[in-house]
Enquirer: 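Please see the structure below; I have some questions.
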Amino acid sequence: MDASHLSALQHKHAGLERQIQAELSRPLPDDTVIQSLKKRKLRIKEELSHI
């Protein structure tokens with residue numbers, strides 16, 4: 001896998017973490033949104049672990 005793909009995955013992973021934290025900091029966080037973001041983040045993490 002090339003470095004640009006790895007970098008893109010890491011960037012997406014970090015972006016999802018920021019979105020999760022932003023949602024959690026809201027007065028009434030939406031659990032459905034958080035669950036969806038966490039699933040997307042996990043898929044990226046699994047892809048990164050196979051590199």
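Note that the numbering runs from 1 along the sequence shown for the chain. Only heavy atoms go into these numbers, but all of them, side chains included; no hydrogens, no water, no symmetry mates.
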Enquirer: Which residue pairs pass the salt bridge (charged side-chain N to carboxylate O under 4.0 Å, His left out) test with at least one member in residues 25-40, sequence neighbours excluded?
Expert: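 For residues 25-40: Glu23-Arg26.
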
Enquirer: Is the backbone of Val33 close enough, under 3.5 Å, to the side chain of Ser36 for a donor and an acceptor to pair up by distance?
Expert: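 Between the backbone of Val33 and the side chain of Ser36 there is no qualifying donor-acceptor contact (under 3.5 Å).
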
Enquirer: Rounded to the nearest 0.5 Å, how far apart are OG of Ser25 and CD1 of Ile20?
Expert: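 If we round to the nearest 0.5 Å, Ser25:OG and Ile20:CD1 are 12.0 Å apart.
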
Enquirer: Quick one: CZ on Arg43 to CG on Leu48, what's the gap to the nearest 0.5 Å?
Expert: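 The distance works out to 14.0 Å.
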
Enquirer: Throw together a table of side-chain donor-acceptor distances under 3.5 angstrom for residues 9-17, partners on residues two or more places apart or in other chains.
Expert:
{"residue": "Glu17", "atom": "OE1", "partner": "Lys41", "partner atom": "NZ", "Å": "2.2"}
{"residue": "Glu17", "atom": "OE2", "partner": "Gln21", "partner atom": "NE2", "Å": "2.8"}

Enquirer: Hey, what do you get for CG (Leu37) to CG (Leu24), rounding to the nearest 0.5 Å?
Expert: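 Rounded to the nearest 0.5 Å, the CG-CG separation comes to 9.5 Å.
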
Enquirer: With rounding to the nearest 0.5 angstrom, report the CD1 to OG distance, Ile44 to Ser49.
Expert: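 Separation between the atoms: 12.0 Å.
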
Enquirer: Looking only at heavy atoms, which two atoms of Pro29 and Ile34 are closest? And how far apart?
Expert: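 So the minimum-distance heavy-atom pair works out to CB-CD1, 3.8 Å.
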
